[in-house]
Amino acid sequence: MASEFNRLCEEAAAYHAHLNKYVADSMVVYNEDALTVMRRILDKHPNGCFDMIFADPPYLLSNDGFTCQNGKMVSVNKGGWDKSQGLAADLAFYEEWLRLCYALLKPNGTIWVCGTHHNIYLVGYLMQTIGYHILNNITWEKPNPPPNLSCRFFTHSTETLLWAKKNKKAKHTFHYDVMKAQNGDKQMKCVWQITPPGKAEKALGKHPTQKPLALLERCIQAASNEGDLIFDPFMGSGTTGVAALQHGRYFCGCEMDETFFELARKRLMAE
Ligand SMILES: C[S@@+](CC[C@H](N)C(=O)[O-])C[C@H]1O[C@@H](n2cnc3c(N)ncnc32)[C@H](O)[C@@H]1O
């Protein structure tokens, strides 16, 4: 893992003049389009190099609707990056990055992909088309969700994580005992109650769809080993990287937005 990480660092150095901005002890992060970066890494690592991938892609839910935040009516729009481009274009984009992730995963590696009903069925369909074998459908339940303002359907209070390996025969990592110990010595179920990130996790800045550190810690502790190399193509504020570094893993991530990239870099350097 360390040697693969060192090669990634050398490759990053070839593309970036200010190496210290992008590469630190155990991480290499790119302020670039993830697809461009993944194609470049694949050129040099045709057999894959990542032990685990966590992908929290645009959910395509910025449709001009409204939600409730701190008692106020606010737009659901997260930014231009989260707008649907129509089903055909969304499908093409999702297919391309999911295929690149497949190629970049090591034979026994696993991938986690997050979503809601806006994107997760697309992910499930494409995963099966590409050849992934789905291991679990995790439901992340938010204990205190914002109320539904329209009162015309149920309050949204969950997100989904699909956890998959490259094929049925692959020998994936699952730390069953660690998960059981974290769950009062009972088997960990596939419904996880975790609160959204609080103020402390946003101390260095805010991202509109920041994931809680506890969620990433669970995925990483369940499905990877110390010294593994973890990749996040859509790192946003860098939560995956923070959890990876805190648990002794190497991290590689991409974020195309400069402001979010700087936030991620600050959070990662603080580790
Ligand atoms: C759902 S957010 C990720 C949030 C992240 N998990 C966190 O905890 O902060 C998705 C991120 O992907 C970025 N993004 C969208 N398309 C991208 C692309 N093609 N390449 C790299 N980043 C992209 C967006 O700018 C956004 O910050």
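Whatever order the structure lists them in is the order used to number ligands and atoms, beginning at 1.
- The closest protein non-hydrogen atom to atom 20 (N) of ligand 1 is Ala34 N, 2.8 Å.
- Among protein heavy atoms, atom 6 (N) of ligand 1 sits closest to Asp56 OD2, 2.7 Å.
- Interface of Ser237 with ligand 1, defined as ligand atoms under 4.0 Å from a residue heavy atom, comprises 7 (C), 8 (O), 9 (O).
- Partner of Ser224 under the side-chain hydrogen bond (donor to acceptor under 3.5 Å, both in side chains) criterion, out of Arg249, His247, His175: Arg249 alone.
- Residue contact check: Thr239 has heavy atoms under 4.0 Å from atoms 7 (C), 8 (O), 9 (O) of ligand 1.
- Criterion: ILVMFWY side-chain heavy atoms under 4.5 Å apart, direct or through other members. Under it, Leu204 and Met27 are not part of a common hydrophobic cluster.
- Met179 and Val191 are members of different hydrophobic clusters when ILVMFWY side chains are connected at heavy-atom separations under 4.5 Å.
- Evaluation of the side-chain contact (heavy atoms from CB on, under 4.5 Å) rule for Arg7 yields Glu11, Lys44, His45 as partners, not counting sequence neighbours.
- Ligand 1 lies nowhere less than 4.0 angstrom from a heavy atom belonging to Pro208.
- For atom 27 (O) of ligand 1, the nearest non-hydrogen atom from the set Lys206, His207, Met235 belongs to His207.
- Of the heavy atoms in Phe260, only side-chain atoms (C-beta onward) come closer than 4.0 Å to ligand 1.
- Neither the backbone nor the side chain of Ala264 has any atom closer than 4.0 Å to an atom of ligand 1 (non-hydrogen atoms only).
- Exactly one residue among Phe261, Phe260, Phe234 makes a ring-ring contact (aromatic ring centres under 6.0 Å, His included) with His207. That residue is Phe260.
- Between the choices Gln210, Glu201, Glu258, Glu255, the shortest heavy-atom distance to atom 24 (C) of ligand 1 belongs to Glu255.
- Residues passing the ring-ring contact (aromatic ring centres under 6.0 Å, His included) test with Trp163, sequence neighbours excluded: Trp112, His172, Phe174.
- Only the backbone of Pro57 comes within 4.0 Å of ligand 1, counting heavy atoms alone; no side-chain atom from C-beta on gets that close.
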